[in-house]
Novice: 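If you scroll down you'll find the structure; I have some questions about it.
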Amino acid sequence: MRVAATLAAAAFAATSLAGPSRPDSKVARNVLEGKAEGYCSPSGPIEFTHCMYETVEALNADLYPKLHRLVQYPFFRHYKVDLYRECPFWYENGFCMNRACGVEAADESEIPEKWRAQALSEVQVSTEDDGISSCYFREQDYCYIEDDATQEGQYIDLSLNPERFTGYAGDSAHRVWRAIYEENCFGLSEAALAPKPSLASAVAGAGMSGQAAWGFSKLSEGWGTEMVKTQEEDTCEEKRLYYRVISGLHASISIHICHDYLDQQTGEWSPNLQCFVNRLASHPERLSNVYFNAVLLLRAAARAAPYLEAYDIGTAPIGRLLDPKARAQQTVDAEARASLKEVLDLATADGMANGFDEGDFFTGPDAIILKEQFKSHFRNVSRIMDCVGCDKCRLWGKLQVSGLGTALKILFELDEKALDPKINPDLLQRSEVVALFNTLHRHSESLAAVDQFRKMYAETQAAESSAAAHRAETTSRPRRRKARTLTPPPERHLGVIGSVIGVIVSGAEAVRRSCVGCLDLCWRQLDKGPVRDAAQAVRRFAGQVIPRLDL
């Protein structure tokens, strides 16, 4: 999972994986429901660009499969990175103990010989570990560049270490994001260009530095990507540009977490729609920043297209024309060049080549100062990645920050002459080219995942509507009373019934006997009274009707 991806996952790891309900917010539905249903989803121009959401979506349908194929080739699949460089800002002991945090290194036999030979022939340059030294960066660099020529680090096969949810969470992850967003604090004085000695102490605590009062919406939960202004001041476009780049990275990471989410009960990896609703659909500005980053990265690729087409992406050993393995690798290299050409053709297509205009930025009276501050803050972000306590998260975080930094360098530091491959063939290091296209692939895959989430949402809503209609039909249908049928009592009850009848008969017989004596006494009394004749007549009649009474 992407460095940031795991970072953003921090708090959501404990979130329920139950099926999502329809979001209460219409804004969330605008993200999830397609344009055919009458919602924006989103629609119109992307802020800070000259491009429409619809244009990016239409292009991505072709771009994503081509990018996905490109990054599988050996040149783009192998990335050398030092995952064990110490955090320069604070002591980091929040290492992720989850197995998903681990990184699988590339097989040494798969590393092209010319890369290894080049590294062995280079002279290693020592660097300072305390803080950020000028030795880490060239003047044009926006971030720390992982160098194939150094002895530090190891080659990682990116295809074996997909960016996904790892469970990395807690204070360590929150502190990293807090530090990254804090780098949005720009000043306009020359003093602001000096290193900030208070960064470590400011980040180590829960609060923010007092340089600019910015708060973080839900950052304590590990997935806040909005920065809320808490004091009145104008925000320059360069500062907003920085924020959109960082927020787009954070949001893209969150999408990958949700799209490749581990159900800890079943142990299965699958898309988690409820995660997407909580993190992205309810906050469309986050998704907007993913589109923005995609446009920025495509513009960088388009601007450097002639240089990138001429770049040596071959991995086959030189001088072994008769070696079957070498010839097979040459065939693979030719396929990789054709795949790269397809991606660059899409990046330079009408409607996308000028989707982002770098000339809109760093043009005012403070342009030089702002650019240096912007560069300094982004360099800090690349070093903050060394403070991530999850190896896989650190891998993808370092790579993607490097990819975005390479795009910013192409757009704001290099002119057309510098990008001429004949004049400047070694302008970009291999790690920068690998990071640029893998970062573009990550954002392109995020947009493809959004489309899949929309389809999942439509399916859940259709099922929910069908169930609701069925419940309504069942409720409105009149109830029919079932005919009551008399069934003979079970055999085991006959004995009980017979006993009850016997008790009743015995009681009646006892009453009869006692009543006979009572009636006899009554008749004797009547024989002596004035109604003697009438009583004798009744006695004779009763004896005829009920002879058993023996009256």
Novice: For residues 300-314, which side-chain N or O atoms pair as donor and acceptor with protein atoms under 3.5 Å away, sequence neighbours left out?
Specialist:
unit_1: Arg303; atom_1: NE; unit_2: Glu358; atom_2: OE2; d: 3.3
unit_1: Arg303; atom_1: NH1; unit_2: Ile410; atom_2: O; d: 2.5
unit_1: Arg303; atom_1: NH1; unit_2: Leu414; atom_2: O; d: 2.6
unit_1: Arg303; atom_1: NH2; unit_2: Leu414; atom_2: O; d: 3.0
unit_1: Tyr307; atom_1: OH; unit_2: Pro425; atom_2: O; d: 3.0
unit_1: Tyr307; atom_1: OH; unit_2: Leu427; atom_2: N; d: 3.0
unit_1: Tyr307; atom_1: OH; unit_2: Leu428; atom_2: N; d: 2.9
unit_1: Tyr311; atom_1: OH; unit_2: Leu428; atom_2: O; d: 2.9
unit_1: Tyr311; atom_1: OH; unit_2: Arg430; atom_2: N; d: 3.1
unit_1: Asp312; atom_1: OD1; unit_2: Gly314; atom_2: N; d: 3.0
unit_1: Asp312; atom_1: OD2; unit_2: Lys114; atom_2: NZ; d: 3.1

Novice: Any sub-3.5 Å donor-acceptor pair from Thr348's side-chain atoms to Leu344's backbone N or O?
Specialist: yes
Novice: For Thr266, which residues count as a side chain to side chain contact (heavy atoms under 4.5 Å, CB included) partner, sequence neighbours excluded?
Specialist: Asp263, Glu268
Novice: Are a donor atom and an acceptor atom from the side chains of Gln72 and Ser159 found within less than 3.5 Å of each other?
Specialist: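 No, because no side-chain N or O of Gln72 sits under 3.5 Å from a partner of the opposite role on Ser159.
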Novice: Between Lys417 and Asp420, does any side-chain N to carboxylate O distance fall below 4.0 Å?
Specialist: no
Novice: Output yes when a side-chain donor or acceptor of Asn438 lies under 3.5 Å from a complementary backbone atom of Phe76, and no otherwise.
Specialist: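 Side chain of Asn438 to backbone of Phe76: a pair is present.
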Novice: Do Cys390 and Cys101 have their SG atoms under 2.5 angstrom apart?
Specialist: no
Novice: Parallel, tilted or perpendicular: which fits the ring planes of Tyr142 and Phe378, with parallel below 30° and perpendicular above 60°?
Specialist: perpendicular
Novice: So does Pro112 get a backbone contact from the side chain of Thr315, meaning a donor-acceptor N/O pair under 3.5 Å?
Specialist: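 No; judged by distance alone, with no hydrogens or angles, the pair does not exist.
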Novice: Nearest heavy-atom pair of His78 and Tyr155: which atoms, and what distance?
Specialist: CB-CD2, 4.5 Å
Novice: ring-ring contact (aromatic ring centres under 6.0 Å, His included) with Tyr79: which residues, sequence neighbours excluded?
Specialist: none
Novice: List for me each residue that meets side chain to side chain contact (heavy atoms under 4.5 Å, CB included) alongside Asp350, sequence neighbours excluded, and say none if there are none.
Specialist: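 Side chain to side chain contact (heavy atoms under 4.5 Å, CB included) check on Asp350 returns nothing, list empty.
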Novice: Go through the structure and list residues passing side chain to side chain contact (heavy atoms under 4.5 Å, CB included) with His50, not counting sequence neighbours.
Specialist: Asp357, Asp360
Novice: Locate the shortest heavy-atom distance separating Pro162 from Lys392; write the atom from each residue and the value.
Specialist: O-CD, 3.4 Å
Novice: Would you please test Glu152 and Arg85 for salt bridge (charged side-chain N to carboxylate O under 4.0 Å, His left out) and show each step?
Specialist: CA-CA 9 Å; Glu152 291 82 8; Arg85 190 178 292 114; over 6 Å; no
Novice: Any ion pair linking Asp141 and Arg379 (charged N to carboxylate O, less than 4.0 Å)?
Specialist: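 Judged by the 4.0 Å cut-off on N to carboxylate O distance, Arg379 and Asp141 do not form a salt bridge.
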Novice: Quick check: His250 with Tyr181 (ring centres under 6.0 Å apart)?
Specialist: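 Centroid distance Tyr181-His250: below 6.0 Å, so yes.
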Novice: Out of curiosity, Tyr144 OH to Ser431 OG, how far, rounded to the nearest 0.5 Å?
Specialist: 9.5 Å
Novice: Treating Ser247 as the side-chain partner and Tyr243 as the backbone partner, does any N or O pair qualify as donor plus acceptor under 3.5 Å?
Specialist: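 It does not hold such a pair.
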Novice: Would the distance check show the side chain of Trp90 and the main-chain N or O of Cys387 forming a donor-acceptor pair, the cut-off being under 3.5 Å?
Specialist: no
Novice: Has Lys375 got a side-chain atom pairing as donor or acceptor with Glu139's backbone, closer than 3.5 angstrom?
Specialist: yes
Novice: Are a donor atom and an acceptor atom from the side chains of Gln274 and Asn278 found within less than 3.5 Å of each other?
Specialist: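 Yes, side-chain donor-acceptor contact under 3.5 Å.
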Novice: Return yes if some donor-acceptor pair links the side-chain N/O of Arg244 with the main-chain N/O of Glu47 below 3.5 Å, else return no.
Specialist: yes
Novice: Of the non-hydrogen atoms in Met352 and Leu59, which two are nearest, and what is the gap between them?
Specialist: CG-CD2, 3.5 Å
Novice: Counting only N and O atoms by type, is there a donor-acceptor contact under 3.5 Å from the side chain of Asp333 to the main-chain atoms of Ala316?
Specialist: yes
Novice: Would you confirm whether His259, through its side chain, and Ile255, through its main-chain N or O, come within 3.5 Å as a donor-acceptor pair?
Specialist: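 No; zero donor-acceptor contacts below 3.5 Å.
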Novice: Using distance alone, with no hydrogens and no angle criterion, decide if Glu432 and Ser402 have a side-chain donor and acceptor under 3.5 Å apart.
Specialist: no
Novice: Any luck finding a side-chain donor-acceptor pair between Tyr291 and Glu57 under 3.5 Å?
Specialist: yes
Novice: Donor-acceptor pair, His256 side chain versus Arg442 backbone, under 3.5 Å?
Specialist: yes
Novice: Among residues at least two apart in sequence or on other chains, which ones pass ring-ring contact (aromatic ring centres under 6.0 Å, His included) with Phe48?
Specialist: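 Here the qualifying residues are Phe361.
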Novice: For residues Ala251 and Leu280, report the shortest heavy-atom separation together with the two atoms involved.
Specialist: CB-CD1, 4.0 Å
Novice: Any idea how His441 and Tyr64 line up, ring-wise: parallel (<30°), tilted (30 to 60°), or perpendicular (>60°)?
Specialist: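 Ring orientation of His441 relative to Tyr64: parallel.
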